[in-house]
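Below you'll find the structure, written out as structure tokens, and then a few comments.
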Amino acid sequence: MSATAFSFPIKVHPDDIDFMGHVNNARYLNWVQDAVLAHWRKLAPADEVASKAWVALKHEITYRRPAFLEDDVIARTVLEHFKGARAFYRTVISRGEEVLAEVQSSWCCIDAETLRPARIGEHLREFFFPEAE
């Protein structure tokens, strides 16, 4: 069961633009990371946010349309599920109704002190999947 989508507004900056006049493809991955981490910080308890960090394991991205300077862009990210130390997200980056990119990503939760993988506690389900309670 997926959680509710989290919306993350994106500001396109001049340094995001590549030689072709649109947002460089690599920036989309930064946006996904920003959205996923903002989602974690917003919903997880403060002690979990302070003691855990995240590293990306895999991104599978499909580019649909280019983004340009001055575009109003939003990333909608959904935590699809987590198991052990891994979390699986789906993020859609759009401009209005136009989908610019779709990203499936997996992340590893790590202990902020030891930098070792850290199991995502079952007690966190209530924060990310409240309808399941």
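Numbering starts at 1 and runs along the sequence shown.
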Membership question, hydrophobic clusters at under 4.5 Å side-chain separation (ILVMFWY): are Val32 and Val99 in the same one? no

May I ask whether Ile10 and Leu37 are part of the same hydrophobic cluster, defined by side-chain heavy atoms of I, L, V, M, F, W, Y residues being less than 4.5 angstrom apart, directly or through others? yes

For residues Phe129 and His81, report the shortest heavy-atom separation together with the two atoms involved. CZ-CA, 4.0 Å

Are Phe82 and Phe88 grouped together when hydrophobic residues (ILVMFWY) are joined by side-chain heavy atoms under 4.5 angstrom apart? no

What's the separation between atom CD1 in Ile74 and atom OG in Ser7, rounded to the nearest 0.5 Å? 4.0 Å

Gap between atom CD of Glu48 and atom CD1 of Ile120 - 0.5 Å precision: 9.5 Å

Rounded to the nearest 0.5 Å, how far apart are CG of Leu115 and CD1 of Ile110? 5.0 Å

Could you tell me which residues satisfy side chain to side chain contact (heavy atoms under 4.5 Å, CB included) with Asp72, sequence neighbours excluded, listed by chain and number? none

Residue pair Phe68 / His22: nearest heavy atoms and the distance that separates them: CE2-CB, 3.5 Å

About how many Å separate CZ of Phe128 and CH2 of Trp40, when rounded to the nearest 0.5 Å? 5.0 Å

Between Pro66 and Arg95, which heavy-atom pair has the shortest distance, and what is it? O-NH1, 2.8 Å

Might you point out which heavy atoms bring Arg119 and Lys52 nearest each other, and give the distance in Å? O-CE, 4.3 Å

Please give me the minimum heavy-atom distance between Leu79 and Ala87, naming the atom from each residue. CD1-CB, 3.9 Å

Is the side chain of Asp71 donor-acceptor paired with the backbone N or O of Val73 at a distance under 3.5 Å, no angle test? no

Determine whether Phe8 and Leu29 fall in the same hydrophobic cluster, where Ile, Leu, Val, Met, Phe, Trp and Tyr are linked whenever their side-chain heavy atoms lie under 4.5 Å apart. yes

What donor-acceptor contacts under 3.5 angstrom involve side-chain atoms of residues 53-64, with partners at least two apart or in another chain?
unit_1, atom_1, unit_2, atom_2, d
Tyr63, OH, Asn25, O, 3.0
Arg64, NE, Glu102, OE1, 2.7
Arg64, NH2, Glu102, OE1, 2.7

Ser106 side, atom OG; Glu80 side, atom CD - distance, nearest 0.5 Å: 11.0 Å

Quick one: are Lys83 and Arg86 in side-chain contact, heavy atoms under 4.5 Å? no

CG-CD distance between Leu100 and Glu98, expressed to the nearest 0.5 angstrom: 6.5 Å

Salt-bridge criterion met for Arg116 and Asp111 (N-O under 4.0 Å): no

Asn30 and Arg27 side chains, donor-acceptor separation under 3.5 Å: yes

Any His13 side-chain heavy atom under 4.5 Å of Lys11 side chain: yes

Test of understanding: with side chain to side chain contact (heavy atoms under 4.5 Å, CB included), list the residues that count as partners of Ile17, not counting sequence neighbours. Val12, Val23, Leu69

Verdict with supporting geometry, Thr91 and Arg76, side-chain hydrogen bond (donor to acceptor under 3.5 Å, both in side chains): CA-CA 5 Å; Thr91 305; Arg76 288 182 182 83; over 6 Å; no

Of all heavy-atom pairs between Tyr28 and Ala67, which one has the smallest distance, and what is that distance? OH-N, 3.3 Å

Flag for Arg90-Thr77: side-chain donor and acceptor within less than 3.5 Å: no

Determine, step by step, whether Tyr89 and His39 satisfy the ring-ring contact (aromatic ring centres under 6.0 Å, His included) criterion, reporting the C-alpha distance in whole Å, the side-chain angles of both residues, the deciding distance to 0.1 Å, and the verdict. CA-CA 11 Å; Tyr89 276 86; His39 179 245; 5.5 Å; yes

Between Val103 and Val92, is there a shared hydrophobic cluster once you connect ILVMFWY residues whose side-chain heavy atoms come closer than 4.5 Å? no

